[in-house]
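Only a predicted model underlies this, so the values are computations on that prediction, with no experimental measurement involved.
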Amino acid sequence: MKRSGNPGAEATNSSVAGPDCCGGLGNIDFRQADFCVMTRLLGYVDPLDPSFVAAVVTITFNPLYWNVVARWEHKTRKLSRAFGSPYLACYSLSVTILLLNFLRSHCFMQAMLSQPRMESLDTPAAYSLGLTLLGLGVVLVLSSFFALGFTGTFLGDYFGILKEARVTVFPFNILDNPMYWGSTANYLGWAIMHASPTGLLLTVLVALTYIVALLYEEPFTAEIYRQKASGSHKRS
């Protein structure tokens, strides 16, 4: 699918890590503090819980799926030939991507609900922050969709459905890959609203999988448009 503030260290260490962590507040350095926070978060998570495993699998599988299928289509055009049209082939891929994303969100939510909440995150202020992040994420995802269009959102360029020019309207004029970061903001918002350490860790995994996906997607997409520009130049 196309591209589509941490609190202060002192507050984090005192409320989450505790005064005895890392040898006491007077001896904390930032690297040790980060380690203590992560250790505390991991203490809330059962990595062998089936719902957690399912969330990890769906989070990591989804970008792999759409990249492998889209590159295979770009190389072979077998989906376009099977459906008789690159548009119908792109629509068919989009249906599977949407279904997989719904499954990912369901597994993410089930993993959060099945594991403990963190009391220090279970506050009205944190809930408001999570709701704000969720709203921001929805804005980024929806505005990206409207800016790219349906086929632009669902890897249409891999099917030969190319845009005439780079999209530069909102939100692409303020942020690269706003759909991915909007999706990440949605998951982070959910995690904070549910005071869920499990959700926070899974959100980190969501962000990491998107970063890895972009390392493969961006150069490949740039090459597709480079070839298009080269072909147009030769014809002129």
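Between Pro116 and Tyr44 the shortest heavy-atom distance is CD-O, 3.2 Å. The shortest heavy-atom contact between Asn62 and Asn101 is ND2-OD1, 3.1 Å. Pro86 and Phe159 make their closest contact through CB-O, 3.4 Å (heavy atoms, listed as atom of the first residue, atom of the second, distance).
Taking the six-membered ring for Trp and the full ring otherwise, the centers of Phe220 and Tyr216 sit at least 6.0 Å from each other.
Residues passing the side-chain contact (heavy atoms from CB on, under 4.5 Å) test with Leu208 are Val204, sequence neighbours excluded. Residues meeting the ring pair (Phe, Tyr, Trp, His ring centres under 6.0 Å) test with Phe170, sequence neighbours left out: none.
Taking the centre and axis of the six-membered ring of Tyr158, the NZ or CZ atom of Arg71 falls outside the cone set by 45° and 6.0 Å.
Of the residues Asn186, Val138, Thr203, Leu188, the one that meets the side-chain contact (heavy atoms from CB on, under 4.5 Å) test with Leu133 is Leu188.
Between the side chains of Ser114 and Ser51, at least one donor-acceptor pair of N or O atoms lies under 3.5 Å. Gln115 and Asp46 share no donor-acceptor pair across their side chains, judged by distance under 3.5 Å alone. Side-chain contact annotation: Asn177 with Glu218, donor-acceptor N/O pair under 3.5 Å present.
In the hydrophobic clustering of ILVMFWY residues, with side-chain heavy atoms under 4.5 Å counting as a link, Tyr180 and Val68 come out apart.
A perpendicular orientation is assigned to the rings of Tyr187 and Trp190, their planes being inclined by more than 60° (bins at 30° and 60°).
A donor-acceptor pair is defined here as one N or O able to donate and one able to accept, closer than 3.5 Å; no such pair exists between the side chain of Ser80 and the backbone of Arg77.
Residue pairs meeting the side chain to side chain donor-acceptor pair (under 3.5 Å) criterion with at least one member in residues 121-132, sequence neighbours excluded, are Arg117-Asp122.
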